[in-house]
Enquirer: 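First the structure, which I've put down as C-alpha cells, then a few questions once you've had a look.
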Amino acid sequence: MTAYAVDERGIYRGRPLAVARPASTSEVAAVVRACRAHGVAIVPQGGNTGYCGGATPDDGGRQLVLSLERLDRVLDVDPVAATLTVQAGVTLSAAQQAAAARDMLFPLAMGSQDSCQIGGNLSTNAGGLAVLRYGNARDLALGLEVVLPDGRVLDELRGLRKDNTGYDLKQLFIGAEGTLGVITAATLKLYPRVTAGVTAFTAVSDPAAACSLLTRLRGRIGDNVTSFEYLTAAALALVTRAFPDLHVPVAKDSEHFVLLECSATGEEGRQGLEAALARLHEEGLLGDAVIAQDERQRRALWALRERVPAAERHLGGSVKHDISVSQGDLATFLERAADAITARWPRARLSVYGHFGDGNVHFNVLAPADADAVDFRARHAAAISDCVHAAASALGGSFSAEHGVGQLKRDLLARYTDPVALDLMRTLKRALDPDGLMNPGKVL
Ligand code: 2HG
Ligand code: ZN
C-alpha cells in the first residue's frame, strides 16, 4: 500500500486501513455504502500528484484509500458537440490524446499530465499552463457523475452548453477535493485543434514591463495568447544548474524573463502571430527575444520553465507558495514579498516563476546555499509562508491559486477566508456528508 500512503512531495506519510480499487461507478458506490455502514472514512485518490496532501490518509490506520485508477475508460468523443466524456481515472495526457485522435483539443495541460487523472484535476480545480486562454478545470467541465457520501449516484453526465435548471450542482464537487463526494466521470469541453503556434522566450526589464507586454499582446491578438509564464533569473539559474544541458537563449544578464505562447486555430496561421510579436518588438516591449523555429526548439524553451520544480527538488527542495493577486498588483506583490523575505532571511534563495498571465506566481524560497535544506525548512517554513501569504492577502489575493488546500493549507483557509463563506462551506459539508466520512481533515 506504500505508493498510496505517501504524497507526491513526501510531506505526509499515512497508514491506510486498506486500498480499494473499484473498476466501475457501481463498485465505487458499493465501497462508499460499505464504508458508511461501518463508519470507515474514505480518502479518494487519483494520480497522487497533489502538492497539499489532499489524497493522503492520516496515520491512524482507520481510513480507506479509494483509488480511481481502474476507472480509466474514455467513454465518448463527440467532435460535433465538442465534448469528451471520460471516467475519473483517465490520465490527463490520455484525455488529450483521445481528443487529438479526433482532431480536437482538450486544453488542460500541466507538468504532471502523464500521471495526474481527470478526477483529481476536477477535484482540485487544477490550473496549469493554458489557463489564460482556456480557464481552469472548472471552466472545462460541462457535466459530472458523482458518488455521494450516502452511496447514491448523481448522474449529471451531460454536455449541454446551456442549462439553467436550478443550482449548478457539479460546481460543488469541483475543487472540493473529495470532501463532498467522489467524482467518477466527467463530460468536458473540447476546442478546435491548434493549427499554428508561436513560442517565444524574452527578457523583460521588470515585472511591470511583463504586465504591459501581456496587455498589449492581448490587445493585438486577444485570446490567441495561450500561455504567459514568468521566470526570474534566479529560478532559471536553478534549472541550468540542475540540468546543465539546458541553456538560456537570450540576454543572460537580465533579471526577468517571459515565456509566451500564442496559438491560432483555423486559417489564421503563424504569420499573424509573428507579425504581432514583431510589432511589439519595434515598440520596444519585447526585449532580447527568441522565437522557436521548430518543435524541438519549442520543447527546449518550455523545458526551461517546466523543469523549475524538478530543479528545486534536485537542490534540496523549497518552501512553496502558490499565490494569486489581480494582474495589475503582481509587480507590487513581487516587490513586497521579496523585501519581506530578504529582510528576515537575507541569504535565503528565491525561486520565483509562474503563471503571470493568470496573476498566479510560485514564490518559492530555498535555504541558503550552505545551509541544510531540511533543517532550514523545519525551522523557518511557517514564518516564511506567513510573510508571503500576508503580502498576497494585503492585496486581496489568494494563498492557493492552483494547488488547492488539502491538509497542508487547511488552517490557512480558516484564517484567510471570510467567516460567512467559511460558515457556508461548513453548512454544505454537514448537509452532504453528515457523518464526516468523506476525506476528513482536508479543506475544512
Ligand atoms: C508549476 O507551475 C507547478 O510548475 C508547480 O504548479 C509549482 O513546484 C511548484 O512550486
Ligand atoms: Zn503552477
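Both ligands and their constituent atoms are indexed starting at 1 by order of listing. In what follows, residues are counted from 1 in the order of the sequence shown. Just so we're clear, the structure is a prediction, and the values are computed from it rather than from any experiment.
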Enquirer: Contacts table for ligand 1: protein N or O within a distance under 3.5 Å of ligand N or O, distances only.
Expert:
unit_1: ligand 1; atom_1: 2 (O); unit_2: R305; atom_2: NH2; d: 2.6
unit_1: ligand 1; atom_1: 2 (O); unit_2: H355; atom_2: NE2; d: 3.0
unit_1: ligand 1; atom_1: 2 (O); unit_2: H362; atom_2: NE2; d: 3.0
unit_1: ligand 1; atom_1: 4 (O); unit_2: R305; atom_2: NH1; d: 3.2
unit_1: ligand 1; atom_1: 4 (O); unit_2: R305; atom_2: NH2; d: 3.3
unit_1: ligand 1; atom_1: 6 (O); unit_2: H362; atom_2: NE2; d: 3.1
unit_1: ligand 1; atom_1: 6 (O); unit_2: E402; atom_2: OE2; d: 2.7
unit_1: ligand 1; atom_1: 6 (O); unit_2: H403; atom_2: NE2; d: 2.7
unit_1: ligand 1; atom_1: 8 (O); unit_2: Y51; atom_2: OH; d: 2.8
unit_1: ligand 1; atom_1: 8 (O); unit_2: K320; atom_2: NZ; d: 2.8
unit_1: ligand 1; atom_1: 10 (O); unit_2: K320; atom_2: NZ; d: 3.2
unit_1: ligand 1; atom_1: 10 (O); unit_2: Y353; atom_2: OH; d: 3.1
unit_1: ligand 1; atom_1: 10 (O); unit_2: N364; atom_2: ND2; d: 2.9

Enquirer: For residues H362 and H321, establish whether the separation of their ring centroids is below 6.0 Å.
Expert: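 Centroid distance H362-H321: not below 6.0 Å, so no.
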Enquirer: Between K170 and D168, is the salt bridge (Lys or Arg N to Asp or Glu O under 4.0 Å) condition met? List the steps.
Expert: CA-CA 6 Å; K170 67 175 177 294; D168 190 355; 2.9 Å; yes
Enquirer: Can you tell if the side chain of F363 reaches within under 4.5 Å of the side chain of L334, non-hydrogen atoms only?
Expert: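 In short, these two side chains touch, coming nearer than 4.5 Å.
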Enquirer: Is there side-chain contact between R347 and D370, with heavy atoms separated by less than 4.5 Å?
Expert: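 Sidechains of D370 and R347: in contact.
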Enquirer: Have a look at T83 and tell me which of L142, L190, V77 forms a side chain to side chain contact (heavy atoms under 4.5 Å, CB included) with it.
Expert: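 Exactly one option meets the side chain to side chain contact (heavy atoms under 4.5 Å, CB included) with T83, and it is L142.
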Enquirer: If you take the centroid of each ring, where Trp contributes its six-membered ring, are Y230 and Y353 closer together than 6.0 Å?
Expert: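 Here the rings of Y230 and Y353 have centres that are no less than 6.0 Å from each other.
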Enquirer: Show your working on side chain to side chain donor-acceptor pair (under 3.5 Å) between E312 and S318 and close with a plain yes or no.
Expert: CA-CA 6 Å; E312 288 177 5; S318 59; 2.7 Å; yes
Enquirer: For atom CZ of R73, is the number of surrounding heavy atoms from other residues, nucleotides or ligands below 6.0 Å larger than 12?
Expert: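 Result for CZ/R73: open.
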Enquirer: In the shown structure, where waters are left out, how many protein N, O or S atoms lie under 2.8 Å from the Zn ion (ligand 2)?
Expert: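 Of the protein's nitrogen, oxygen and sulfur atoms, 3 lie under 2.8 Å from the Zn ion (ligand 2).
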Enquirer: Counting C-beta onward and ignoring hydrogens, is there a side-chain heavy-atom pair between V19 and R21 closer than 4.5 Å?
Expert: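 Yes. Closest side-chain heavy atoms under 4.5 Å.
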